[in-house]
Amino acid sequence: MKKTAHIISHSHWDREWYLPFEQHRYYFIKLMNHLIEQFNQKGNAFKSFHLDGQTVLLEDYFAVHPENRDIVKQLIEEKKLYIGPWYILQDAFLTSSEANIRNLQIGLSDTKTYGHASKIGYFPDTFGIYGQAPQILKQANIDTAAFGRGVKPTGFNNTVSDTTNFESPYSEMDWQSPDGSKVLGILFANWYSNGNEIPADKQEAKAFWDKKLQDAEKYASTNQLLFMNGCDHQPLQKNIPDAIETASALYPDYRFKHSSFDEYIEALQDSLPDRLQVIEGELRNQRTDGWSTLVNTASSRIYLKQWNNYCQSLLEKVAEPLAAMNFLAGNAYPHKYIQFMWKSLMKNHPHDSICGCSVDAVHREMVTRFETVAQMGDVFIKEKAKELSRNIDTSNTPEGGIPLIVINTTGWKKNDVITKTVDLDKVYFSQMPFEEIPVYLQNKTTPGYKLVDSEGKIIDYQLDDPTIAFGYDLPDDQFRQPYYAKRAELSFFTEDIPAFGYKTFYLVPSEDPMQRPRQNKMVTENHDTEMENDYVHVSFHADGSYDLMNKVTGESFHHLGIYEDTGDIGNEYMYKETERHPAITTKGVKAEFKFLERSTLRSKLEVTQTLTIPVSADDQLATERNYLIWHKEREAGRSEEVTTLTLRTVVTLTKGMKGPSFKLMVDNQATDHRLRVLFPTGIETETHKADSIFEIVSRPNTPEKEWENPSFCHHQQRFSSLADNQKGLTVATDGLHEYEILKEDGTIALTVLRSVAELGDWGDFPTPEAQCQGLQTAEWQVLPHEKDVIQSQAFVDAYQFKVPLVPVQEGIHEGVWPENHQFVKTEADGLAWSSMKVEEEREDVMIRWFNPVEKKLPLHATIKNYQSFKSSILEEKTNQEDELYEVGKHEIITLGFHNKH
Ligand SMILES: [Zn+2]
């Protein structure tokens, strides 16, 4: 049987990378215009073009050429132009679990409006892929994935052997998720450019194909060979029909076909061998020498990752569930606005964008995008919280009291210390000449207060001294309403705020006020450096490191929190440590301590440490960059000139926290270096756990034998964790995605800052802003626990780090909803909650969890007057209706709730 060479024309389009977005778009417009011209030519044998798996490119094009919408739509319907399934080509590890799902949902929904969707999980350039990708694709009815990285192929003879994980003899393999879902995996073994610029000239074509056919056959398990006719930002090769004619004449034993993924996969499926190598879980280049994994994009320009984590949490953990609760309360769900926020955020999710491996102009634009998403999220949450609160009956408010409603938008019951600015008194400009109001409010006596819950139970709180502040309301049906308020910050401990629910509290004037002034604010006590609550005891050493005791188990960890600085002569993609320069640490360097706050609710301790480090790399680095010396081969050292890094860390321990949280502030004036914080757990294990996409994944502490890079860093979503049978330590983070497990003392090393000066990759692209100069911050929480992060349920606390409750100050009125309420009742012990939203077409409420363990777990969830059903990540309606659902091992489960009326 003849072999078939499938030639798929495409262009891998990084929307922004070594050029800013608008400059890459200039060339993209050209490409699209050429494509339309090409398809419109009469008698043209140019069959099809693959538009890189991302529908956002159409938005980019129509913004300039809206008049070509119909032509493009027609090309898609005629299966000439292939689009989707993604909205953008995301980085898989640095975007959240939900962002990965939304990317597919929005991409597929876009393809519906344009016509046909390319049903291939397309990850051409993705810097490693998470292990749950096959499950996500299967739930979206996609059976095939194509990727360029993560697996090392080993081409040899034509027999399939059971090689170790992460290796396959063929470019075709079975790729399996931890739940057992399998897709056909296609590795671009010779990259997604193995058919780029195919010569039409006979002599050149011979040289080209002799090599290319051999390269492809080396890895192919069938007689269907794949040639990707394109590369990064590749202009259109218009004479592909001629090139195909030349090749057909040269090689009569082969059939050359201008093909598409639809056609290639169909032909491939028919001729696959009975058995393919099964590759399980994550694809992270673990069986390579470790020098090209691109893993250190996880710590490149950390400020971007922090912005992203903030915006993702805002949308998926607060805005959407809040809107869904509002929907259950009888209000409209603003589908389009929420989608607009997601799309805006996702424009920062492509691999060269969120990875921080582009030129400075790209990342400056990203910061502006993040800012706009945060602005939208903030106003959305504020308005939605008000909308919900307006429907809550607060008419039982004691005389003169102020109702405060605390909304929990997450799938977990929450205990937390809340801080909320409260207007104790307010005078509108319409009530008094505005210049008189401040004095009036100032002179008015502020009463003492007590804080009570709806049952009258007295709640511990603290209230700052009030100030007079300007404010304004924007009513739905009236002109803006300016006012002055007597305003103060109120902090109080809230217990058992129900999942997807709220509780009402009342701040009530009282003759016998329960107010306790904030104690010891701004006290300096260098001799007493301990913090304690019901769960942990923290005691600091003179160098700023600390011992952490889990009061529940009595187990302790010692000397946590040492900072470590090393030289980095790599680039935005890869860390390369300067040799001959040992790490500089804060160990033994005297720290200064200052309590910023100490009360029954909260202790805040400021620890200041200094590190004297080389100001930059030595002069050799500039030459090595200039000559494009590959990072692995570089020999530059650190400069002799030194500078001082002042590390200011604020440690917070509030009532109810399972472990202290940390915020590092550092004014970075050094370049070419990396700063980490170390957690020596003393735990000796072979493996550890890390949060990934819909998975708490187990990874080996030491690399495979092929690994040569002395650094063995990994990606994490929100936490990493070490544990033995007795005790464990989990470090939850806010946008810190890189960690390493060091053998010495079982240490978790968390990267908090990385400073480099160039993009890397194929040319000389200086990126001075990747040095991250000026004020940089980092936040994390240290959670000691029994056993491992899953068994101890420490993951629940880790997932809630920096996910806030929403407090609202409300007026006094009647309402249809009671003072305390839970919209969704769930029994989901052991499951990890992910999202709650409303589906657009049927307006079913959709809630998603995943099962982090190897065994089945029960799930029970009810909404009054709604019938639940089991759906998929695409959120379609099914007849699988139950009272109690069984969630399979590592299953991602989405329940729908359909209104019975
Ligand atoms: Zn790319």
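Between Lys689 and Glu695 no salt bridge is recorded (no basic side-chain N to carboxylate O distance below 4.0 Å). Look at Lys305 and Glu738 and you find no salt bridge, because none of the NZ, NE, NH1 or NH2 atoms lies under 4.0 Å from a carboxylate O. With salt bridges taken as basic N to acidic carboxylate O contacts below 4.0 Å, none links Lys347 and Asp60. A salt bridge between Asp179 and Lys889 is absent, with no side-chain N of the basic residue lying under 4.0 Å from a carboxylate O of the acidic one. Taking the charged nitrogens against the carboxylate oxygens, Lys855 and Glu886 have no contact shorter than 4.0 Å, which rules out a salt bridge. Using a 4.0 Å cut-off between charged side-chain N and carboxylate O, Asp568 and Lys576 make no salt bridge. Ion pairing of Arg102 with Glu316 is absent here, as no side-chain N (NZ or NE/NH1/NH2) approaches a carboxylate O to less than 4.0 Å. With respect to Arg676 and Glu740, a salt bridge is recorded, a charged nitrogen being found less than 4.0 Å from a carboxylate O.
Cation-pi check for Arg674 over Tyr575 is met; the charged atom lies under 6.0 angstrom from the ring centroid and within 45 degrees of its normal. Judged by the 6.0 Å distance and 45° axis criteria, Lys317 is positioned over the aromatic ring of Trp833.
Checked by atom type and distance alone, the side chain of Asn285 never pairs as donor or acceptor with a backbone atom of Thr288 at under 3.5 Å. A donor-acceptor distance shorter than 3.5 angstrom exists from the side chain of Arg149 to the backbone of Asp125, with no hydrogens or angles considered. The backbone N or O of Trp291 sits less than 3.5 Å from a side-chain atom of His631, completing a donor-acceptor pair.
Using cut-offs of 30° and 60° for the angle between ring planes, the Phe370 and Trp307 rings count as parallel.
More than 12 heavy atoms of other residues, nucleotides or ligands lie within 6.0 Å of CD in Glu59, so this atom counts as buried by the packing criterion.
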